[in-house]
There are 2 protein chains.
Amino acid sequence: MTQGRPTMNDVARSAGVSLKTVSRVVNGETTVAPALVARVREAVASLHYRPHLGASMLRRNDRRTSTIGLLLTDVGNPFSAMLHRAVEDEARPRGVYVLTGSLDEDPDRERELVRAFARRHADGLILVPAGPDQGYLALELPDGVPVVFVDRPAAGFPGDTVLTGNAAGAAEAVRHLIGYGHRHIAYLGDLARIATARRRLRGYLGVVEDAGLPPTVVGGLHDTAAAEASTLDLLRRTQPPTALFTAQNLITIGAVRALRRLGLQHAVALVGFDDFPLADLLDPGVTVVAQDPAEMGRAAARALLKRMDGHTAEPREIRIPTTLIPRGSGEIPG
Amino acid sequence: MTQGRPTMNDVARSAGVSLKTVSRVVNGETTVAPALVARVREAVASLHYRPHLGASMLRRNDRRTSTIGLLLTDVGNPFSAMLHRAVEDEARPRGVYVLTGSLDEDPDRERELVRAFARRHADGLILVPAGPDQGYLALELPDGVPVVFVDRPAAGFPGDTVLTGNAAGAAEAVRHLIGYGHRHIAYLGDLARIATARRRLRGYLGVVEDAGLPPTVVGGLHDTAAAEASTLDLLRRTQPPTALFTAQNLITIGAVRALRRLGLQHAVALVGFDDFPLADLLDPGVTVVAQDPAEMGRAAARALLKRMDGHTAEPREIRIPTTLIPRGSGEIPG
DNA sequence: TTGAAAGCGCTAACAC
DNA sequence: GTGTTAGCGCTTTCAA
């Protein structure tokens, strides 16, 4: 019955017209007699003909696939997932579909995925950079394929960049704690390679120094367990801090666990960077500086689609502000 | 400088060999003299040649793109996101990449996305069905493109199906509550179209009836707010239940909020279907019947890849068991 | 307005 | 081992 799917030629034969006429109808050209259009449409329907995008792409001049690539830290984490959803929502009305992949902070994986998506003729890329340098993009990507960077600045390749107010958000958190009378505020975070972490630390240090307070920095925390352990150590010191600023999601949760274990959750103040579900249901509710991943995704997708439409201008830097959400843990006086 | 990217012909000219020899080298065929291989490799590198997958696909017999489509309820929700990640992890070592999309329980959207992915020559699909019938797949998909269904059974198209033990999990939750002495256990859930919800309700009803207990069913709950309101109503009745079984994530959270507001969180027992982050940090910890989205994703991807490898056998039904995780709220005696 | 021929970049089939 | 020829399904170019 089916020996491969039907081609334009099959449709042409079935409709009694030439191949080219079918092509014209399928592509919505208006220079075809209505009677022929109808015959072709009928044949298309009865044969269940679907145009072969690859073949069309090969011959066409514009060579668009209406597909973009989205390279995230980890498609499974809630932050990435919300960003992903926002990108899809912007792309959907344009008939643009999304290839996705997780980089796990691995620069090799970043380049591998870029190459894979380039081979699949993505019209553009949205990238949360894992590596320190994106110069390779010039080699992997055909000319004219735009890239928008998200959450971290890129190096070596031009593109719009969507960033959160990392330093500003951290500064706001620390100022909030100072406003409640705290004079000894500790920073818990991941000081690693990642530019994001450094910016948050800078925000903390700036405010603490301006206020003439002693900085306490605990770095190198990558997961909940490490954060919990470090927080326990910190609070058992002879001069423990009266307030904590945790620079990331998982670290905040580790700190909450530690405070519980010591029964200090109503005694030591806490503000975390990044919101998380149910933060309001804990006791006390956890005060956070929330990012807006959905807005970041929307902004990135809009910037990319604009470039794909031929918009050429100097790469822009788009900054999405953070919001401090007081829920109790950050309003414990010092 | 760049007038389009280089083709195999450019490489052949640059290396002083024939087009076909380049093709052989690029495709890793072993019947080429080492000296020529080296010359071709060099030319490939210096010209930054990248093979044109579309053209290759067009001519090749097997016509594979090493791309699969993943159609989820909502890429932004944690359950879908974890499933997505597991699929990616299975596909990655095979050099298979993933097109993703959200259906939002909309059958039209389901068909639209299937068509879009088929046009992009996905080698296979993993689908969380939104609509009641998947018969259209036979028209939209080329012959031989396998589909694996996840989380819900499909109709009208053959394919492996990965399901959670919905009825069994619900039954276990209710039995757990009965084991703690409860005789009046209410069901809160979404009774809508969705097969999943009906199965959970069936699990509840089966156990309750077998135990000779009166069923109390509150349905039509779609979000946290509705669940909170309904729970409040329920607990203010003259004969309130002593235990709640909430059939879904968001409903569980709504119920938790309601119990808090009434100060009953240590008096009324609660078991929820679906785990959620921080369930253990609440007071009391929330006992749940946990699904395993990662295992569902792995199973689906493995089944799909096997079919893509030519495995032909009767479609299988793969059932991923649930796990009851006691954390406190389900162990309050009745 | 419609059609015939050429060819996009690549690989299958068959020479040499 | 290597090269030549034909052609995948479609759009371009140009002629009718």
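Chain letters run A, B, ... following the sequence lines, proteins first, then strands; residues in each count from 1. When reading the values below, keep in mind they use all heavy atoms of this one structure, side chains included, and skip hydrogens, waters and symmetry mates.
On the nucleic acid side, DNA chain C has its first and last nucleotide under 4.0 Å of a heavy atom of chain A at C:dT1 to C:dG9, going 5' to 3'.
Between B:Arg111 and B:Asp106, none of the side-chain N atoms (NZ, or NE/NH1/NH2) sits under 4.0 Å from a carboxylate O, so this pair counts as no salt bridge.
Using a 4.0 Å cut-off, some side-chain N or O of A:Asn27 falls inside it from OP1 or OP2 of D:dT11. OP1 or OP2 of D:dC10 has not a single side-chain nitrogen or oxygen of A:Ser23 nearer than 4.0 Å.
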Give me, pair by pair, the N or O atoms of the protein and of nucleotides 2-4 of chain D that are less than 3.5 Å apart, along with how far apart they are.
{"residue": "D:dT2", "atom": "OP2", "partner": "B:Ala33", "partner atom": "N", "Å": "2.4"}
{"residue": "D:dT2", "atom": "O4", "partner": "B:Arg24", "partner atom": "NH2", "Å": "3.3"}
{"residue": "D:dG3", "atom": "OP2", "partner": "B:Ser18", "partner atom": "N", "Å": "3.1"}
{"residue": "D:dG3", "atom": "OP2", "partner": "B:Ser18", "partner atom": "OG", "Å": "3.1"}
{"residue": "D:dG3", "atom": "OP2", "partner": "B:Thr21", "partner atom": "OG1", "Å": "2.4"}
{"residue": "D:dG3", "atom": "N7", "partner": "B:Arg24", "partner atom": "NH1", "Å": "3.3"}
{"residue": "D:dG3", "atom": "O6", "partner": "B:Arg24", "partner atom": "NH2", "Å": "2.8"}

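Every side chain to side chain contact (heavy atoms under 4.5 Å, CB included) that B:His52 has, sequence neighbours left out, goes to A:Met57, A:Leu58, A:Arg63, A:His121, B:Ala55. Contacts of A:Asp10 classified as salt bridge (charged side-chain N to carboxylate O under 4.0 Å, His left out), with partners at least two apart in sequence or in another chain: A:Arg13. Not counting sequence neighbours, the partners of B:Glu317 by the salt bridge (charged side-chain N to carboxylate O under 4.0 Å, His left out) test are B:Arg319.
Put simply, CG on A:Asn77 and CG on A:Leu72 are 8.5 Å apart, with the number rounded to the nearest 0.5 Å. A:Leu99 CG to A:Leu113 CG: the interatomic distance, rounded to the nearest 0.5 Å, is 9.5 Å. Note: B:Ser80 OG to B:Leu71 CG = 11.0 Å, rounded to the nearest 0.5 Å. In this structure, B:Gln291 CD and B:Thr164 OG1 are separated by 3.5 Å, a value rounded to the nearest 0.5 Å.
More than 12 heavy atoms of other residues, nucleotides or ligands sit less than 6.0 Å from atom CD of B:Glu29.
A heavy-atom distance below 4.5 Å is not found between the side chains of A:Phe117 and A:Glu140. Contact of the B:Thr73 side chain with the B:Arg152 side chain is registered, since non-hydrogen atoms from C-beta on lie closer than 4.5 Å.
For the pair A:Leu58 CG and D:dT11 P, the interatomic distance rounds to 11 Å; values are reported in whole Å. The NE2-P distance, from A:His52 to D:dG9, rounds to 7 Å in whole Å. Between the P atom of D:dG9 and the OH atom of A:Tyr49 lies a distance of 10 Å, rounded to the nearest Å. We find that CE of B:Met57 is positioned 15 Å from C1' of D:dG7, with the value rounded to whole Å. Counting to the nearest Å, the P atom of D:dT13 and the CD atom of A:Glu29 are 12 Å from each other.
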| said: Could you spell out the base pairing of DNA chain C as a dot-bracket line? Use Watson-Crick and G-U wobble contacts where both distances are under 3.5 Å, [ ] for crossing pairs, | for partners on a different strand. | reply: ||||||||||||||||
